[in-house]
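The structure appears right after this line, and notes come after that.
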Amino acid sequence: MAKLNQIIAVEKGVKSKSLQDITAAHHKVQKPALLAGISRTYQPKDEEGEQLPPESTRVQVQAEDVLREMSASLTRLFDVTATKDWANCTARADVTVDGRTIVTDVPVSYLLFLEKQLTDLHTFVRKLPTLDAAESWSHDPSTDWWKTDQVRTIRTKKVPRNHVKAEATDKHPAQVEVYYEDVPIGYWTTVKFSGALPARRVNELVERVEKLQQAVKFAREEANGAEVTDQRVGEAVFGYLLG
């Protein structure tokens with residue numbers, strides 16, 4: 001008895017061959033010259049007339065033959081696809097991570113859906129924002145944010161000062177140079193907040209997604225190993241269509 005994964009493996013080739021056969025059949029019946037034949041003989045009006053040889057063209061394509069050939073090819077495709085789809089209704093497996101069963105008795109079609117969703121989720125989780133590693137963060141229960149310790153910094157103001165380079169004399173005024181001095185006038189107390197995640201948490205989430213991805217792939221392979229019952233749908237369909 002065949003396995004579901006074996007049917008899946010041959011399905012692509014059967015589809016490809018059926019498409020080629022249908023295309024070839026379509027081209028045959030769309031060429032009137034191939035379906036046409038003729039036979040004619042010539043008889044002169046009198047015995048003295050010119051004698052001409054008979055002419056004939058054989059029919060090269062019979063539409064009924066093309067129908068039979070096409071139905072044979074499609075019957076194989078119908079049967080393989082039906083066998084796969086019927087088996088997909090019963091092929092199931094559990095998704096298990098580290099000995100813990102996450103989901104039980106999952107159909108193959110849903111396992112395929114999970115695989116795609118987890119691929120997208122993996123991309124999302126890997127790009128989650130993380131806390132700035134240059135800061136020291138702690139969780140603030142009152143806001144559910146992350147925050148840094150208080151940092152106190154001085155606020156200064158530039159105050160002009162005069163520097164006398166030369167005292168005034170009876171002949172010259174004093175030479176004064178103006179400069180600015182930073183004078184403390186207050187203090188800033190700063191606490192930074194963030195809604196990002198610790199890198200440890202992001203790494204943990206990535207690891208969980210990757211483990212689940214592997215578990216889903218394993219479950220799909222297990223489900224695809226189920227034995228299948230060959231379905232004979234094509235004969236019934238074309239028995240009616242061409243009957």
Side-chain angles (χ1 to χ4, degrees), residues 1-20 74 76-149 191-234 237:
M1 187 174 286
K3 305 283 188 181
L4 177 54
N5 52 18
Q6 294 173 320
I7 296 298
I8 293 172
V10 303
E11 183 187 29
K12 184 177 181 180
V14 172
K15 280 184 176 180
S16 177
K17 183 178 184 306
S18 294
L19 178 61
Q20 292 174 1
L74 284 178
R76 174 62 174 156
L77 174 63
F78 282 26
D79 290 349
V80 168
T81 304
T83 299
K84 182 199 72 172
D85 289 347
W86 259 253
N88 277 340
C89 294
T90 57
R92 297 167 181 265
D94 295 345
V95 177
T96 304
V97 180
D98 294 336
R100 174 187 171 189
T101 300
I102 308 300
V103 193
T104 59
D105 212 22
V106 188
V108 171
S109 57
Y110 194 77
L111 290 170
L112 290 169
F113 164 79
L114 269 182
E115 278 192 63
K116 182 183 184 308
Q117 294 302 313
L118 288 172
T119 297
D120 296 340
L121 189 59
H122 185 264
T123 301
F124 175 78
V125 170
R126 285 182 62 88
K127 294 182 178 180
L128 284 171
T130 57
L131 297 172
D132 185 354
E135 302 282 357
S136 178
W137 299 91
S138 61
H139 186 257
D140 181 6
S142 64
T143 60
D144 202 24
W145 301 338
W146 292 89
K147 68 176 184 178
T148 62
D149 294 333
V191 177
K192 294 181 181 178
F193 295 95
S194 177
L197 294 170
R200 180 188 71 255
R201 175 62 173 160
V202 173
N203 292 336
E204 177 185 284
L205 291 171
V206 169
E207 182 181 359
R208 283 174 176 265
V209 172
E210 290 175 349
K211 280 187 175 182
L212 190 54
Q213 283 181 301
Q214 291 301 317
V216 169
K217 287 179 181 179
F218 181 81
R220 177 171 56 81
E221 290 173 4
E222 183 181 351
N224 283 340
E227 293 183 344
V228 299
T229 301
D230 289 339
Q231 303 295 327
R232 294 289 182 262
V233 175
V237 171

Scan the side chains in residues 110-126 for donor-acceptor partners under 3.5 Å anywhere in the protein, sequence neighbours excluded, and list what turns up.
| unit_1 | atom_1 | unit_2 | atom_2 | d |
| --- | --- | --- | --- | --- |
| E115 | OE1 | R220 | NH2 | 3.4 |
| E115 | OE2 | R220 | NE | 2.1 |
| E115 | OE2 | R220 | NH2 | 3.2 |
| K116 | NZ | D120 | OD2 | 3.3 |
| T119 | OG1 | E115 | O | 2.9 |
| H122 | NE2 | E210 | OE2 | 2.8 |
| T123 | OG1 | T119 | O | 3.3 |

Distance-only donor-acceptor pairs under 3.5 Å for side chains of residues 5-15, two or more places apart:
| unit_1 | atom_1 | unit_2 | atom_2 | d |
| --- | --- | --- | --- | --- |
| Q6 | OE1 | K3 | N | 2.7 |
| E11 | OE1 | K84 | NZ | 3.4 |
| E11 | OE2 | K84 | NZ | 3.1 |

Taking all atoms of both residues into account, what is the closest heavy-atom pair of W137 and F193, and its distance? CZ3-C, 4.0 Å
Would you say that L131 contacts L197 through its side chain, given a criterion of any heavy-atom pair below 4.5 Å between the two side chains? no
Begin from the C-alpha positions of F218 and E222 and carry the test side-chain contact (heavy atoms from CB on, under 4.5 Å) through to its verdict. CA-CA 6 Å; F218 181 81; E222 183 181 351; 3.9 Å; yes
Check A91 against A223 and note the closest heavy-atom contact, atom names and distance. CB-O, 3.4 Å
Using side chain to side chain donor-acceptor pair (under 3.5 Å) as the criterion, list what pairs up with R208, not counting sequence neighbours. none
Tell me, please, which residues at least two apart from E204 pass side chain to side chain donor-acceptor pair (under 3.5 Å). R201
Indicate yes or no for a side-chain donor-acceptor contact from T90 to the backbone of A87 under 3.5 Å, with no hydrogens or angles considered. yes
Please confirm whether the backbone N or O of D230 pairs with a side-chain atom of T83, one donor and one acceptor, at under 3.5 Å? no
Measure across P198 and W146 and return the closest heavy-atom pair with its distance rounded to 0.1 Å. CG-CZ2, 3.5 Å
Sequence neighbours left out, cut at 3.5 Å: what donor-acceptor pairs do the side chains of residues 92-109 make with other protein atoms?
| unit_1 | atom_1 | unit_2 | atom_2 | d |
| --- | --- | --- | --- | --- |
| R92 | NH1 | D105 | O | 3.1 |
| D94 | OD1 | D105 | N | 2.7 |
| D98 | OD2 | K211 | NZ | 2.8 |

Going by the salt bridge (Lys or Arg N to Asp or Glu O under 4.0 Å) test, which pairs reach into residues 132-148, not counting sequence neighbours? E135-K192
Between atom OG1 of T81 and atom CG of L77, what is the distance when rounded to the nearest 0.5 Å? 4.0 Å
